[in-house]
Amino acid sequence: MKMGSTERNLKTKPNLESLMLFVALIAFSGRSVAQNVSPDELNKRMIERRAVEGVIWGIPAVNYDLMLQEMLTKTPGKVNQVIYWGKPLDWHNQTLTPNPDTLYFMTFLNTKDAGPIVIDIPPADANGSLNANFCDVWQVPLEDAGPLGVDKGKGVKLVMLPPDYTGKIRDGYVALQPGTWQSYALIRSNLKSHGDADVVRSLAYGKRVKVYPLSQAANPPETKFADVKDILFDSTIRYDESFFEGLNRIVQNEPWLDRDRAMTDQLRSLGIEKGKSFAPDAEMKKSLEAGVQEAHALLAARYDAGLPPFFDGTHWTYPAPPELIQAAQGGFTEPNSYPIDDRGLTYHYAYIGIKRLGAGQFYLINIKDKDGESYDGGKTYRLTVPPNAPVEQYWSVTVYDRETHALVKNMDRASRASNSSEVKKNADGSVDIYFGPKAPAGKDSNWVPTDPARKFELMFRLYAPTKALFDRAWKLPDVEKASST
């Protein structure tokens with residue numbers, strides 16, 4: 001198509017005249033649009049746009065709230081106690097990208113009424129060790145504990161302080177003070193193997209964790225534990241009007257953080273305002289529904305476009321955008337960086353902030369095979385894990401539902417890991433892992449089942465990764481299509 005003179009000017013190096021012309025054209029276009037749209041329609045569009053931004057901004061807190069509500073409504077667990085899964089996770093745990101090769105303990109903390117809360121992490125010993133991560137409501141990492149955390153495996157008494165606490169903490173405690181009343185800890189009790197004896201041993205070790213008010217430290221009450229292994233615990237993100245009910249709970253129950261005050265008016269226009277009930281009418285619900293669905297489409301499209309590659313020339317990527325990792329580990333205190341879009345992207349498929357990502361654990365995500373195609377649950381694929389994996393604990397690879405980012409429902413197995421005695425090695429020490437609707441002949445021990453009706457994605461975990469990983473001295477190859485026979 002032949003360009004006119006105005007178009008040619010705008011395609012060449014900008015100058016003041018062309019920029020002024022461009023602005024004038026946009027302004028004229030905007031006036032013509034505004035003149036043809038009613039005030040009601042303009043307001044509706046504004047509400048939908050603000051709903052989209054509210055979802056992207058609020059998703060880490062709603063992600064947290066969904067887990068909290070599942071505990072409160074479906075389990076015997078309560079705030080300032082501990083829930084745990086009494087066996088390696090299966091599909092009944094519908095949290096986002098969980099690890100089925102460890103034992104999960106969770107504690108949801110609230111200092112508003114209880115005051116400072118102690119989380120006593122035991123020292124690592126021959127019976128077990130932990131990888132524990134602590135974060136606030138917004139999933140900003142506060143601290144890590146365990147052999148590769150703040151205590152280096154010696155054990156530590158962390159104390160979670162209220163945001164308004166000004167008192168001094170006695171020696172012997174490591175103080176954490178989020179800007180929120182609520183906080184959260186994911187505590188993984190490491191498994192030597194999936195054998196029954198090792199599971200029992202790791203469960204007993206995990207139950208050595210203690211949670212109690214600092215005010216009762218002289219005579220701590222017994223920590224209450226609730227086993228939730230047989231409960232359908234579903235905290236996958238709901239992309240419907242209920243998303244804003246969770247967001248409203250956060251606004252009502254937590255103080256506004258200075259960095260987020262710009263959202264106060266944005267949320268007020270959606271009917272979410274501190275101290276007031278959230279009661280959207282039918283028209284508002286339609287706008288909220290449209291906004292949350294558009295936000296979901298935006299996040300899914302960004303995710304499908306791919307994260308930065310970790311190994312050049314492969315589809316194995318960083319677990320989150322590097323700018324977000326850096327910002328979160330610094331508590332979002334950098335005045336010139338607040339990657340909300342990256343944060344929204346990340347917390348639509350994962351949860352939990354890690355202070356020292358790459359020390360206790362590291363993650364690699366893969367959503368495309370060697371040919372750049374999405375994974376089809378009706379096809380069979382093979383991943384060859386090279387020998388001498390750069391880990392001091394174990395590696396694992398897990399299949400997740402591509403749509404929900406949770407474990408694929410009704411599957412008997414979700415992963416294969418180096419701490420499973422069933423997994424067979426090749427003569428050179430490498431390991432072939434298969435993904436598909438049925439196991440290739442003779443490969444059942446190295447196979448992860450998929451649902452033919454669902455697409456899937458992969459996560460490769462490295463617990464206690466070594467320098468060789470980050471030097472790229474060891475490289476994980478792409479996943480290839482394989483014959484199912």
Side-chain angles (χ1 to χ4, degrees), residues 49-50 52-65 96-97 109 111 131-145 148-150 158-166 174-186 247 250-251 254-267 295 298-299 302-303 305-310 317-365 465 469-470:
R49 287 197 303 271
R50 290 186 172 184
V52 170
E53 295 303 323
V55 171
I56 294 171
W57 168 78
I59 203 167
V62 171
N63 189 321
Y64 162 88
D65 182 71
L96 301 183
T97 54
L109 307 170
T111 60
N131 286 78
N133 307 112
F134 299 81
C135 65
D136 69 9
V137 164
W138 292 92
Q139 312 226 30
V140 176
L142 301 171
E143 193 50 271
D144 307 324
L148 295 165
V150 64
L158 299 167
V159 57
M160 198 71 69
L161 302 178
D164 61 355
Y165 189 84
T166 57
V174 173
L176 306 177
Q177 189 168 25
T180 56
W181 298 107
Q182 298 175 87
S183 54
Y184 167 78
L186 174 60
L247 190 55
I250 297 299
V251 170
E254 295 295 342
W256 276 103
L257 303 178
D258 285 344
R259 66 170 184 257
D260 292 325
R261 289 192 180 278
M263 291 300 296
T264 308
D265 252 15
Q266 306 283 323
L267 295 190
L298 280 167
L299 294 169
R302 283 196 64 197
Y303 184 66
L307 294 161
F310 184 82
T317 72
Y318 280 88
E323 183 184 356
L324 173 67
I325 295 171
Q326 182 178 0
Q329 290 176 335
F332 295 103
T333 56
E334 166 56 48
N336 296 314
S337 174
Y338 192 14
I340 290 175
D341 287 347
D342 286 346
R343 189 179 69 176
L345 168 66
T346 299
Y347 286 105
H348 101 285
Y349 63 81
Y351 68 96
I352 193 62
I354 298 175
K355 189 75 172 178
R356 299 173 180 83
L357 182 64
Q361 60 266 69
F362 196 74
Y363 309 89
L364 299 169
I365 289 177
L469 173 67
F470 303 104

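In this chain, residues are counted from 1 in sequence order.
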Look at the side chain of [X] and the backbone N and O of [Y], then say whether any donor-acceptor pair between them is shorter than 3.5 Å.
{"X": "D144", "Y": "R356", "value": "yes"}
{"X": "Q139", "Y": "I352", "value": "yes"}
{"X": "N133", "Y": "P141", "value": "no"}
{"X": "E254", "Y": "Q182", "value": "yes"}

Check: What residues form a side-chain hydrogen bond (donor to acceptor under 3.5 Å, both in side chains) with D136, not counting sequence neighbours?
Finding: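 Listed in chain order: nothing, the list is empty.
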How long is the span from the [atom1] atom in [X] to the [atom2] atom in [Y], to the nearest 0.5 Å?
{"X": "N63", "Y": "Y184", "atom1": "CG", "atom2": "OH", "value": "9.0 Å"}
{"X": "D341", "Y": "T346", "atom1": "CG", "atom2": "OG1", "value": "10.5 Å"}
{"X": "R343", "Y": "L345", "atom1": "CZ", "atom2": "CG", "value": "12.5 Å"}
{"X": "L364", "Y": "L469", "atom1": "CG", "atom2": "CG", "value": "6.5 Å"}
{"X": "T180", "Y": "I250", "atom1": "OG1", "atom2": "CD1", "value": "8.5 Å"}
{"X": "E53", "Y": "I340", "atom1": "CD", "atom2": "CD1", "value": "8.5 Å"}

Would you name the heavy atoms of [X] and [Y] that are closest together and state the gap between them?
{"X": "L247", "Y": "G54", "answer": "CD2-O, 4.0 Å"}
{"X": "A175", "Y": "L161", "answer": "CB-CD1, 3.9 Å"}
{"X": "G179", "Y": "P255", "answer": "O-CG, 3.3 Å"}
{"X": "N131", "Y": "G360", "answer": "ND2-O, 3.4 Å"}
{"X": "P60", "Y": "I56", "answer": "CD-O, 4.5 Å"}
{"X": "Y349", "Y": "A320", "answer": "OH-CA, 3.6 Å"}

Checklist line | L257 and W138: CA distance, side-chain angles, deciding distance, side-chain contact (heavy atoms from CB on, under 4.5 Å) verdict | finding: CA-CA 10 Å; L257 303 178; W138 292 92; 3.8 Å; yes
Margin query: Test side-chain contact (heavy atoms from CB on, under 4.5 Å) on I365 and T97; report intermediate values, then the result.
Written below: CA-CA 10 Å; I365 289 177; T97 54; over 6 Å; no
Note to self: Please report whether the ring centroid of F332 lies less than 6.0 Å from that of Y338.
What the structure shows: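 Ring centres of F332 and Y338 closer than 6.0 Å.
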Can you tell if the side chain of [X] reaches within under 4.5 Å of the side chain of [Y], non-hydrogen atoms only?
{"X": "F470", "Y": "P465", "result": "yes"}
{"X": "M160", "Y": "Q177", "result": "no"}
{"X": "P321", "Y": "P339", "result": "no"}
{"X": "L357", "Y": "P319", "result": "yes"}

Margin query: Between K355 and V150, is the side-chain contact (heavy atoms from CB on, under 4.5 Å) condition met? List the steps.
Written below: CA-CA 10 Å; K355 189 75 172 178; V150 64; over 6 Å; no
Check: Does atom CD of E334 have more than 12 heavy-atom neighbours from other groups under 6.0 Å away?
Finding: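 More than 12 within 6.0 Å, yes.
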Check: Are T111 and W181 close enough, and set up right, to give a side-chain contact (heavy atoms from CB on, under 4.5 Å), and what steps lead you there?
Finding: CA-CA 5 Å; T111 60; W181 298 107; 3.8 Å; yes
Checklist line | Intermediate values then yes/no, salt bridge (Lys or Arg N to Asp or Glu O under 4.0 Å), D265 and R50 | finding: CA-CA 10 Å; D265 252 15; R50 290 186 172 184; over 6 Å; no
Note to self: My understanding is that only residues two or more places apart in sequence, or in another chain, count here; which of them pass ring-ring contact (aromatic ring centres under 6.0 Å, His included) with Y347?
What the structure shows: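 Once residues adjacent in sequence are excluded, Y347 has no partner under the ring-ring contact (aromatic ring centres under 6.0 Å, His included) criterion.
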Next item on the list: Indicate the ring-plane relationship of W256 and W57, choosing parallel, tilted or perpendicular according to the 30° and 60° boundaries.
Entry: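 W256 vs W57 ring planes: parallel.
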